[in-house]
Amino acid sequence: MKKEPEKGLPRLEGAEGGVVMRFAPNPNGPPTIGSARGIIINSEYVKRYGGRFLLRFDDTDPVNKRPMPEAYGWYLEDCQWLGAVPDEVIVASDRLPLYYEIAEELIWRGGAYVCRCDQAAFKALKDAAAACPHRGQSPQENNALWREMIEGSLGPGEAVLRVKTDIVHKDPALRDWAAFRIVTTPHPRAGDKYRVWPLLDFESAVEDHLLGVTHILRGKDLMDSERRQRYLYDHMGWEYPTTIHWGRIKIHQFGSFSTSALRRALEAGEYSGWDDARMPTVRALRRRGIRPEALRKFMVELGVGETDISISMDSVYAENRKIVDPMAKRRFFVKDPHPLEIDGDVPEVAKAPFHPTLDLGLREIPAGPRVLVSADDLSDLKVGGSLRLKDLCNIEVVATAPLRARAIGTDPHQAKEMRLRIIHWAPPAGVPVRVMRPDGVDAGIGEAGIREDEGKVVQFERYGFVRIDSVSGDEVVAYFAHR
RNA sequence: GCUCCGGUAGUGUAGUCCGGCCAAUCAUUCCGGCCUUUCGAGCCGAAGACCCGGGUUCAAAUCCCGGCCGGAGCACCA
């Protein structure tokens with residue numbers, strides 16, 4: 001029996017009655033392209049089956065992956081921009097009392113114990129599949145020690161609460177994992193209100209149950225996490241949600257990156273900000289003029305396979321081009337401008353269409369006997385050679401250095417008959433433009449009308465699509481999207 | 001060392017659970033050609049893959065075993 005081919009995302013097991021799904025980042029930086037995948041796929045399933053999409057901040061490490069206060073808002077902004085407004089926002093660091101309650105119940109149920117081994121000692125025992133001396137403590141003893149952890153008579157490193165699993169489990173990764181540890185470093189949000197913080201496996205597992213999450217999408221690297229968490233669910237008599245794993249994602253254009261590494265590079269001054277054109281963040285893509293629909297389409301087509309994948313931004317760019325091409329005005333931008341003197345009849349003003357196929361009207365560009373052409377086109381400007389300046393006139397080059405030509409007509413049909421190469425140009429009185437690209441910065445002169453396009457995505461003809469980021473008194477800054 | 005997961009064209013992806021419709025889907029990329037006053041868009045065409053070896057079967061991308069390759073976990077990180 002064969003099924004019809006699925007298009008888009010694969011069916012979710014048991015989702016027919018609606019789903020509750022969450023995206024659960026640590027806000028230690030802004031959302032990256034990888035985060036976008038989580039945001040988009042989770043919210044896409046909720047759209048498809050109905051239900052609730054939750055945004056939960058797993059911000060329970062004040063030290064190693066210290067949350068950034070600004071990042072909470074960034075996630076909200078980027079979710080909204082991606083068309084995934086959460087139905088509810090949960091912040092783990094606001095909810096420690098809830099976790100304490102459950103921890104206590106777990107202790108009384110005999111599912112957890114306070115371990116006072118030092119880290120290395122416990123690891124040695126664990127690797128030998130041997131129980132530590134504290135494993136046999138009674139619930140009463142454990143509860144007393146747990147109180148000491150919370151009340152402060154035990155210091156960091158002196159005790160952790162462990163969930164009992166199977167100390168002889170063949171996979172060492174699953175043996176008696178730590179659920180809480182003592183941290184006295186103040187939390188960016190909670191300050192020094194708490195000194196006992198849950199670890200991911202406890203916090204995430206408990207929240208998923210509390211929130212009624214039905215389906216969890218997470219990285220393959222967290223497969224063991226699930227197996228660990230199931231012990232907790234068994235102790236508590238809870239039912240574990242359905243899980244789906246996906247492989248690691250690597251992007252050709254950005255290589256491997258981690259939020260922590262990006263943060264260090266940023267702090268070292270290597271980037272202008274989290275929305276630097278070179279950054280693999282959602283905000284950087286937005287600034288460059290990538291449309292959210294392009295990202296959604298791309299992510300849905302990627303699917304949710306367990307294979308580790310290495311993707312290229314080319315596919316995102318292709319999707320984006322389809323969206324942006326029909327609406328982007330055309331503009332002239334000349335990179336590395338060189339002056340060109342033209343003898344003869346050159347129109348004082350060029351009238352050029354804003355779009356090659358759509359009727360978006362015409363723009364007027366001041367021209368005259370002196371224009372600028374790009375250094376990239378110099379190789380086509382040889383003495384005796386002729387070409388067409390797009391929307392202006394046809395010329396024959398009479399000299400290089402300095403560059404000089406004579407006008408040989410304005411008719412585009414003539415150019416066509418002569419099979420002239422067509423290049424673009426800019427007026428000397430144009431506006432200086434800087435283009436911030438993932439691979440560097442281009443500078444040049446653009447037609448003055450670009451000043452009207454602030455915030456818009458336009459196409460610099462024969463150069464690529466850009467978003468006009470800012471227009472100041474004497475300069476325009478554009479962010480490069482793609483060709 | 002122990003444990004877990006994966007391997008379909010350059011890159012992704014469908015098909016794998018329930019073997020035959022798969023001489024293998026779609027997208028992107030690349031290469032030709034057409035069209036176009038942009039090196040953009042559009043149109044047409046082409047190239048390109050089941051990791052390897054055994055086994056089961058009338059029949060294997062699909063099931064089984066072994067190998068190889070890749071990724072991950074074994075944190076008081078997420």
Side-chain angles (χ1 to χ4, degrees), chain A residues 1-3 5-7 10 24-28 58-61 63-67 115 117-119 122-123 126-127 129 156-162 169-175 177-183 196-197 199-201 203-204 218-228 245 247-250 252 258-260 297-298 301-303 305-319 321-322 324-326 328 330 332 352-353 355-358 376-377 388-392 394 411-416 420-424 459-465 482-483:
Chain A
M1 184 166 76
K2 288 277 184 180
K3 287 184 305 189
E6 301 269 2
K7 45 178 194 274
N26 174 13
N28 62 340
D58 286 348
D59 59 344
T60 54
D61 182 359
V63 180
N64 300 302
K65 292 199 173 165
R66 191 172 172 78
C115 172
C117 297
D118 74 54
Q119 216 169 327
F122 184 83
K123 178 171 167 49
K126 182 199 66 184
D127 287 345
E158 291 183 346
V160 295
L161 184 74
R162 285 189 191 283
H169 196 287
K170 65 173 182 170
D171 184 348
L174 271 52
R175 299 172 189 158
W177 48 274
F180 285 87
R181 82 299 209 187
I182 298 165
V183 181
V196 175
W197 285 88
L199 288 143
L200 175 79
D201 279 319
E203 179 270 333
S204 179
R218 67 171 144 226
K220 220 170 42 164
D221 52 321
L222 261 28
M223 270 182 165
D224 287 340
S225 257
E226 172 179 341
R227 298 188 180 103
R228 279 192 287 263
H245 299 101
R248 291 183 73 85
I249 180 170
K250 190 162 84 183
H252 296 326
S258 69
T259 304
S260 323
K297 184 105 186 296
F298 173 74
E301 274 166 12
L302 268 194
E306 285 190 19
T307 320
D308 295 332
I309 55 176
S310 182
I311 59 169
S312 169
M313 288 299 290
D314 287 349
S315 298
V316 178
Y317 296 157
E319 291 300 342
R321 190 150 43 224
K322 286 176 196 163
V324 133
D325 184 76
R330 269 49 179 178
F332 284 160
H355 197 277
T357 52
L358 270 43
D376 291 346
D377 290 323
R388 176 165 177 81
L389 298 174
K390 187 166 183 285
D391 302 310
L392 185 63
N394 307 325
D411 185 3
H413 299 104
Q414 174 196 23
K416 193 171 177 178
L420 298 186
R421 188 163 170 73
I422 298 162
I423 65 169
H424 65 289
Q459 189 205 49
F460 285 167
E461 294 198 44
R462 301 209 309 137
Y463 179 84
F465 292 91
H482 45 77
R483 286 202 63 87

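Naming: A, B, ... by sequence-line order, numbering from 1 per chain.
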Using the [atom1] atom as the reference point in each nucleotide, state the distance between [N] and [M] in Å, no decimals.
| N | M | atom1 | result |
| --- | --- | --- | --- |
| B:C63 | B:G6 | P | 11 Å |
| B:U8 | B:A27 | C1' | 15 Å |
| B:C17 | B:A61 | P | 12 Å |

Self-check item: Any A:Lys220 side-chain N or O less than 4.0 Å from OP1/OP2 of B:A72
Solution: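 Checking B:A72 against A:Lys220, no side-chain N or O comes under 4.0 Å of OP1 or OP2.
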
Self-check item: Side-chain N,O (A:Lys250) to OP1/OP2 (B:G71) below 4.0 Å
Solution: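 No, no such contact exists.
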
Quiz prompt | Stems involving RNA chain B, each a run of at least 3 consecutive Watson-Crick or G-U pairs under 3.5 Å | solution =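 Stems (3+ consecutive pairs) listed as B:1-7 with B:68-74, B:10-12 with B:26-28, B:31-34 with B:42-45, B:51-55 with B:63-67.
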
Value rounded to 0.5 Å, distance of [atom1] in [X] from [atom2] in [Y]:
| X | Y | atom1 | atom2 | result |
| --- | --- | --- | --- | --- |
| A:Leu222 | A:Leu200 | CG | CG | 6.0 Å |
| A:Leu161 | A:Cys115 | CG | SG | 9.5 Å |
| A:Ser315 | A:Glu301 | OG | CD | 8.5 Å |
| A:Asp391 | A:Arg330 | CG | CZ | 12.0 Å |

Quiz item: Below 4.0 angstrom, N of the basic side chain to O of the carboxylate: do A:Arg227 and A:Asp201 qualify?
Solution: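 No, A:Arg227 and A:Asp201 are not salt-bridged.
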
Quiz item: Does A:Lys297 pair with A:Glu319 as a salt bridge, N-O distance under 4.0 Å?
Solution: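 A:Glu319 and A:Lys297: salt-bridged.
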
Checking [X] side chain against [Y] main chain: does a donor-acceptor pair fall under 3.5 Å?
| X | Y | value |
| --- | --- | --- |
| A:Asn394 | A:Asp411 | yes |
| A:His245 | A:Gly305 | no |
| A:Asp308 | A:Arg248 | yes |
| A:Arg321 | A:Arg483 | yes |
| A:Arg175 | A:Lys126 | yes |

Atom [atom1] of [X] and atom [atom2] of [N]: how far apart are they, to the nearest Å?
| X | N | atom1 | atom2 | answer |
| --- | --- | --- | --- | --- |
| A:Glu306 | B:U8 | CD | P | 14 Å |
| A:Phe465 | B:A41 | CZ | C1' | 8 Å |
| A:Trp177 | B:U3 | CH2 | P | 22 Å |
| A:Arg330 | B:U36 | CZ | C1' | 12 Å |
| A:Arg388 | B:U37 | CZ | C1' | 5 Å |

Quiz prompt | Of the listed nucleotides B:U11, B:U8, B:U37, the one nearest the side chain of A:Thr307 | solution =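 Looking only at heavy atoms from C-beta outward on A:Thr307, the closest nucleotide is B:U8.
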
Practice problem: Check every strand shown and say whether A:His245 touches a base, only sugar-phosphate, or nothing at a heavy-atom separation below 4.0 Å. | Solution: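 Since no nucleic acid heavy atom lies under 4.0 Å of A:His245, the category is nothing.
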
Quiz item: What is the nucleic acid contact for A:Asn394, judged by heavy atoms within less than 4.0 Å: base, sugar-phosphate only, or nothing?
Solution: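 Nothing, no heavy atom under 4.0 Å.
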
Taking only nitrogen or oxygen atoms into account, show me every contact under 3.5 Å that the protein makes with nucleotides 74-78 of chain B, one pair per line with its distance.
| unit_1 | atom_1 | unit_2 | atom_2 | d |
| --- | --- | --- | --- | --- |
| B:C74 | O3' | A:Lys126 | NZ | 2.5 |
| B:C74 | O2' | A:Lys126 | NZ | 2.6 |
| B:C74 | O2' | A:Pro172 | O | 3.4 |
| B:A75 | OP2 | A:Lys126 | NZ | 2.4 |
| B:C76 | OP1 | A:Gln119 | NE2 | 2.7 |
| B:C76 | N4 | A:Gly157 | O | 2.7 |
| B:C77 | OP1 | A:Arg181 | NE | 3.4 |
| B:C77 | OP2 | A:Arg181 | NE | 2.7 |
| B:C77 | OP2 | A:Arg181 | NH2 | 3.1 |
| B:C77 | O3' | A:Asp61 | OD2 | 3.3 |
| B:C77 | O2' | A:Asp61 | OD2 | 2.7 |
| B:C77 | O2 | A:Lys65 | NZ | 2.5 |
| B:A78 | OP1 | A:Thr60 | OG1 | 3.1 |
| B:A78 | OP2 | A:Leu200 | N | 2.9 |
| B:A78 | O3' | A:Asp58 | O | 2.8 |

Quiz item: Are A:Arg162 and A:Phe180 in a cation-pi setup, meaning NZ or CZ lies under 6.0 angstrom from the ring centre and within 45 degrees of the ring axis?
Solution: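 Output no; distance or angle outside limits.
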
Quiz item: Want to settle it: does A:Phe460 or A:Ser310 sit nearer the 5' end of RNA chain B, counting the closest nucleotide to each?
Solution: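 In this pair, the answer is A:Ser310.
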
Polar atoms only, N or O, under 3.5 Å: list the protein pairs with nucleotides 24-33 of chain B and their distances.
| unit_1 | atom_1 | unit_2 | atom_2 | d |
| --- | --- | --- | --- | --- |
| B:U28 | OP1 | A:Lys322 | NZ | 3.2 |

